[in-house]
Undergrad: 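Below is one structure. I have some questions about it.
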Amino acid sequence: MRTSQYLLSTVKETPADAEIISHKLMLRAGMVRRLGSGMFSYLPTGVRVLRKVEQIVREEMNKAGAIEVLLPMVQPAELWQESGRWDTMDAELLRFKDRHQRDYVLGPTHEEVITDLVRREITSYKQLPLNLYQIQTKFRDERRPRFGVMRAREFLMKDAYSFHLGQASLQQTYDAMYSAYCNIFNRLGLDYRPVQADSGAIGGSVSHEFHVLAESGEDAIAFSDTSDYAANIEMAEALAPTGDKPTPSQALREVATPSAGSVSDVAALLQVANTRIAKTLFVLAEADEQGKQQLVALVLRGDHELNELKAEKLAGVASPLQFATDEQIRALCHAGPGSVGPVGLNIKIIADRSAAHLADFIVGANKEGYHFNGVNWERDISDYQIADIRNIVAGDPSPCGFGHIVIKRGIEVGHIFQLGEKYSKALKAGVLNEEGKHQIMTMGCYGVGVSRIVAAAIEQNHDDNGIIWPDAIAPFQVALIPMNMHKSVRIAEVTEQLYQQLTAAGIDVLFDDRRERPGVMFADMELIGVPHSIVIGERNLDNQQVEYKNRRSGEKAMLDIASVVTDIQQKITR
RNA sequence: CGGUGAUUGGCGCAGCUUGGUAGCGCACUUGGUUUGGGUCCAAGGGGUCGCAGGUUCAAAUCCUGCAUCACCGACCA
């Protein structure tokens, strides 16, 4: 490609509304332009990268036995009503009507469509297992789109769905997808980790996320410092403290804590560590037969945070988790939040494992401006359950049994699930088994955020001058930068010749044939992140040489014109 | 959804407090100049000041409503 015939569209100024580095650089490098909130147009350079990522994903999926399909983005409401997600999926699902006033949705994911397709096409166990995938645009009406294409509403995703008769077959495909994903991210040249995850709104049981590690990541991941255990923080089990519970030694007493509401206030006032305080949160219980919802008290150590996902999975707790209002709390405790505690409450009380390990601790006294000190389980709070309801924190023992927890941030770029029968059962997708009996299929689903990978790759690979693409996904592998080509026939001829040779060798070359000053060309090629550049100048031409520069390492070398193609090929495949 | 802020040539912004008919930088066009790290000089084109209504002799500026966009928040009692 010649710059004079290309749409480079680089800009010097950083748009004001770009927050993170990948967003800024994608705008500056002329990869994307914002059309509306969470919606982006891809310019040629952006498309080139997107296609390269896509192609690697496609190749690895094919290699792993998946077959490509293409499903509609606009989907009839009936399918979503049939699966039940028309009602459960709320605002994120964009709905609209056609000219006949029929309801449709813009596909945020394709479980319904694929399950419908498969139930029509597949009738016998002999056709299983089957793994179908597509690379397609999704639309999710995010409550807050941000970070450019990282959390956009419209985005490009690879989604695969597998169908099986039985768990063993599902596990086999799941494992194959797991290694296919590792291959994908290895080929992309990214620093990533597979982590244990919750399966969330899509449903199912076993699940892994693939995260690209980056400071700007939206997810926190818990790692063991000695084993290869890694789990999403919302999922990582916080173990009970080891050793015996300290022996109670104090009597229960009331202490005045005027205007001390938060844990840190109380700790400061009473001159104790916040680990000696237990905080009490109130959430709604599951509705009883009359449809009434009582409250449930969740008790956590003062330095810990509630893990909502863990809490809402507990029996008796309403799911999704709903916090009690101030009024509800006052009606129950006769005190406002800040002075409330579990002592004397006649409702279900769930203590976190760490909170349950406390003795002689401090809680709100259910009396405005007062706390109890010297509180002890059993003696003062007899009826309670113990559960893991907190977020794991750095330094906790790892749930795998080896080492301690380190927390890092990651960008979720892949997610694999074992769905089970959630959708196949709802849509009655089954086959005849060996006994000639109808049997519901078991499903798995496997997603890769293609457009998000592009942003994640930039987060991990950039410097002050711009993007530094890994070779595998660079929009161009080589930049040809001639010095004063328009004044020197010799330069023009050599550059033209190199361009022909490199292109013929199947290398993506960007030939900067603009009438620009050298500084402009250097700056642009660095900004868009071309990994290898060749500078053609008069002084080296006398020796039949050109200058090579590596974008990432800064390495410079002189190359003989005669061997440029093979030299470059070696540097690329490296 | 709640809070805060923004909206002025293609992009980034000033002007608004104190109303008087719009300006700067980048980009673009033309001519010259320069040519191994975002040249310099000169001339030029381009704006219903987000939309609607109101106040006024007069509104980018004041008032009201709406729209769009962004940031922060949406467990930590």
Side-chain angles (χ1 to χ4, degrees), chain A residues 8-20 23-24 27-28 30 33-39 90-91 141-148 234 257 260-267 274 277-283 295 297-312 320-326 328-330 332-333 335-342 352 355 363-366 368 371 389-391 393 465-466 481-488 491 512 514-527 533 535-541 546-547 549 556:
Chain A
L8 209 48
S9 279
T10 52
V11 288
K12 278 190 238 178
E13 283 178 287
T14 309
D17 60 354
E19 271 302 294
I20 57 169
H23 189 193
K24 286 180 193 166
L27 290 166
R28 284 230 291 136
R33 293 290 181 257
R34 194 184 62 80
L35 179 63
S37 182
M39 293 160 3
D90 210 30
D141 200 353
E142 291 282 347
R143 69 177 146 183
R144 189 172 158 206
R146 58 186 135 172
F147 302 147
E234 56 186 23
T257 50
S262 68
V263 166
S264 50
D265 290 348
V266 175
N274 53 7
I277 299 172
K279 59 184 177 188
T280 309
L281 284 65
F282 293 94
V283 298
L295 299 189
L298 305 176
V299 182
L300 291 152
R301 211 170 73 185
D303 59 324
H304 287 149
E305 291 178 11
L306 176 68
N307 180 311
E308 296 190 31
L309 218 55
K310 291 176 181 175
E312 72 185 19
L321 199 71
Q322 265 184 287
F323 284 87
T325 62
D326 268 22
Q328 288 172 311
I329 293 172
R330 278 174 196 284
L332 178 77
C333 305
S339 300
V340 297
D352 180 69
V363 300
N366 293 330
E368 204 66 54
H371 278 72
I389 53 171
R390 72 171 171 96
N391 280 334
V393 295
N465 295 326
I481 308 176
M483 294 295 107
N484 302 315
M485 182 179 81
H486 299 280
K487 287 247 177 84
S488 162
I491 300 276
D512 201 343
R514 292 176 295 175
R515 263 192 133 81
E516 285 288 357
R517 295 170 59 82
V520 174
M521 298 197 249
F522 289 132
D524 272 345
M525 294 306 114
E526 282 167 11
L527 174 60
S533 40
V535 181
I536 302 95
E538 283 286 354
R539 10 172 155 127
N540 298 315
L541 231 46
V546 291
E547 186 180 313
K549 186 173 180 191
K556 284 186 183 175

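Note on naming: letters A, B, ... go to the chains in the order of the sequence lines (proteins, then strands), and numbering restarts at 1 for each one. Note that the structure is a prediction, hence the values are computed from the model and not measured.
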Undergrad: Roughly how far apart, to the nearest Å, are B:rA22 and B:rC13 at atom C1'?
TA: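 About 14 Å, rounded to a whole number of Å.
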
Undergrad: Now, which nucleotide makes the Watson-Crick or G-U wobble pair with B:rC24, with each of the two distances under 3.5 Å?
TA: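 Partner of B:rC24: B:rG12.
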
Undergrad: Using purine N1 to pyrimidine N3 plus N6-O4 or O6-N4 for Watson-Crick, or N1-O2 and O6-N3 for G-U wobble, each under 3.5 Å, what pairs with B:rU18?
TA: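 For B:rU18, the partner nucleotide comes out as none, under the 3.5 Å rule.
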
Undergrad: So what's B:rU34 paired with, Watson-Crick or G-U wobble, going by both distances under 3.5 Å?
TA: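 The base-pairing partner of B:rU34, which may sit in any strand shown, does not exist here.
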
Undergrad: Which part of the nucleic acid does A:L298 contact within heavy-atom distance under 4.0 Å: base, sugar-phosphate only, or nothing?
TA: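 Answer is nothing: A:L298 stays at 4.0 Å or more from every strand.
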
Undergrad: How is A:N307 classified with respect to the nucleic acid when contacts are heavy atoms under 4.0 Å: base, sugar-phosphate, or nothing?
TA: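 Nothing: the residue A:N307, judged by heavy atoms under 4.0 Å, touches no strand.
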
Undergrad: Looking at A:G341, is its backbone amide N or carbonyl O close enough to the side chain of A:N366 to form a donor-acceptor pair, meaning the two atoms are under 3.5 Å apart?
TA: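 Checked: pair present.
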
Undergrad: Once you apply a heavy-atom cut-off of 4.0 Å, does A:E538 come out as touching a base, just sugar-phosphate, or nothing?
TA: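 It contacts nothing in the nucleic acid.
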
Undergrad: Under a 3.5 Å cutoff, is there a donor and acceptor pairing between the side chains of A:N274 and A:D303?
TA: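 No donor-acceptor contact under 3.5 Å links the two side chains.
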
Undergrad: B:rC49 pairs with which nucleotide, Watson-Crick or G-U wobble, both distances below 3.5 Å?
TA: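 Looking at the geometry, B:rC49 pairs with no nucleotide.
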
Undergrad: Over all strands shown, is A:R143 touching base, sugar-phosphate only, or nothing at heavy-atom distances under 4.0 angstrom?
TA: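 Base: the residue A:R143, judged by heavy atoms under 4.0 Å, touches a nucleobase.
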
Undergrad: Does B:rA58 have a Watson-Crick or wobble partner in any strand here, with both distances under 3.5 angstrom, and which is it?
TA: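 Base partner found: none.
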
Undergrad: What does A:N540 touch in the nucleic acid at a heavy-atom separation under 4.0 angstrom: a base, only the sugar-phosphate, or nothing?
TA: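 Base contact.
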
Undergrad: To the nearest 0.5 Å, tell me how far A:L541 CG sits from A:M483 CE.
TA: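 Between A:L541 CG and A:M483 CE, I get 12.0 Å after rounding to 0.5 Å.
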
Undergrad: Across all strands shown, which nucleotide pairs with B:rU68 by Watson-Crick or G-U wobble geometry, both distances under 3.5 Å?
TA: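 Across all strands, the one nucleotide that pairs with B:rU68 is B:rA6.
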
Undergrad: My understanding is that only residues two or more places apart in sequence, or in another chain, count here; which of them pass ring pair (Phe, Tyr, Trp, His ring centres under 6.0 Å) with A:H304?
TA: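 With neighbours one apart ignored, the set is empty.
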
Undergrad: Using a 4.0 Å cut-off to any heavy atom of chain A, which nucleotides of RNA chain B are the first and last in contact, reading 5' to 3'?
TA: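 Contact span on the strand: B:rC11 to B:rA77.
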
Undergrad: Hey, does A:R144 reach any base, or is it just sugar-phosphate, or nothing, if we go heavy atoms under 4.0 Å?
TA: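 Base, at least one base heavy atom under 4.0 Å.
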
Undergrad: With no hydrogens and no angle check, is any side-chain donor or acceptor of A:K310 less than 3.5 Å from a backbone partner on A:E234?
TA: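 The answer is no, because no donor-acceptor pair under 3.5 Å joins these two groups.
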
Undergrad: Taking for each residue the nucleotide of RNA chain B bearing the nearest heavy atom, is the 5' side occupied by A:S339 or by A:V11?
TA: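 Nearer the 5' end of the strand: A:V11.
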
Undergrad: Measure the CG-CZ distance between A:L298 and A:F282 for me, rounded to the nearest 0.5 Å.
TA: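 If we round to the nearest 0.5 Å, A:L298:CG and A:F282:CZ are 9.0 Å apart.
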
Undergrad: Say you pick atom C1' in B:rG12 and the same atom in B:rA27; how far apart are they, in whole Å?
TA: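 It comes out at 11 Å once rounded to the nearest Å.
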
Undergrad: State, yes or no, whether a side-chain contact exists between A:H371 and A:V266 at a heavy-atom distance under 4.5 Å.
TA: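 Yes, their side chains come closer than 4.5 Å.
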
Undergrad: Within the 4.0 Å heavy-atom criterion, would you say A:N366 contacts the bases, only the backbone, or no part of the nucleic acid?
TA: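 Nothing, no heavy atom under 4.0 Å.
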
Undergrad: Does the A:N465 side chain pair with the main chain of A:L527, one donor and one acceptor, at a distance under 3.5 Å?
TA: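 A pair under 3.5 Å: no.
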
Undergrad: Please classify the nucleic acid contact of A:E547 as base, sugar-phosphate, or nothing, using heavy-atom distances under 4.0 Å.
TA: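 Since a base atom lies under 4.0 Å of A:E547, the category is base.
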
Undergrad: Find which nucleotide of RNA chain B each of A:D303 and A:R34 is nearest to by heavy atoms, and output the residue with the more 5' nucleotide.
TA: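 The residue closer to the strand's 5' end, by nearest nucleotide, is A:R34.
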
Undergrad: Taking the P atom of each, how far is B:rG44 from B:rU4, in whole Å?
TA: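 My reading of the P atoms in B:rG44 and B:rU4 gives 47 Å.
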
Undergrad: C1' atom, B:rG15 versus B:rC49: distance in rounded Å?
TA: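 One C1' to the other, the span is 11 Å.
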
Undergrad: Does A:V535 reach a base, just sugar-phosphate, or nothing at all? Heavy atoms under 4.0 Å.
TA: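 Base, at least one base heavy atom under 4.0 Å.
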
Undergrad: How far does the P atom of B:rC63 sit from the matching atom of B:rC75, given to the nearest Å?
TA: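 B:rC63 and B:rC75 have their P atoms separated by 35 Å.
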
Undergrad: Please state the P separation for the pair B:rA14 and B:rU7 - nearest whole angstrom.
TA: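 Result for the P pair: 7 Å, nearest Å.
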
Undergrad: A:V520 near the nucleic acid: base, sugar-phosphate alone, or nothing, with a heavy-atom cut-off under 4.0 Å?
TA: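 Here A:V520 touches the bases of the nucleic acid.
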
Undergrad: With C1' as the reference atom in both, quote the distance from B:rC57 to B:rU17 in angstrom, rounded to an integer.
TA: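 It works out to 23 Å between them.
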
Undergrad: Can you tell me how far apart CE (A:M485) and CZ (A:R515) are? Round to the nearest 0.5 Å.
TA: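 Result: 8.5 Å between the selected atoms.
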
Undergrad: Using the C1' atom on both, measure B:rG45 against B:rC28 and round to a whole Å.
TA: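 Comparing C1' positions in B:rG45 and B:rC28 gives a spacing of 9 Å.
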
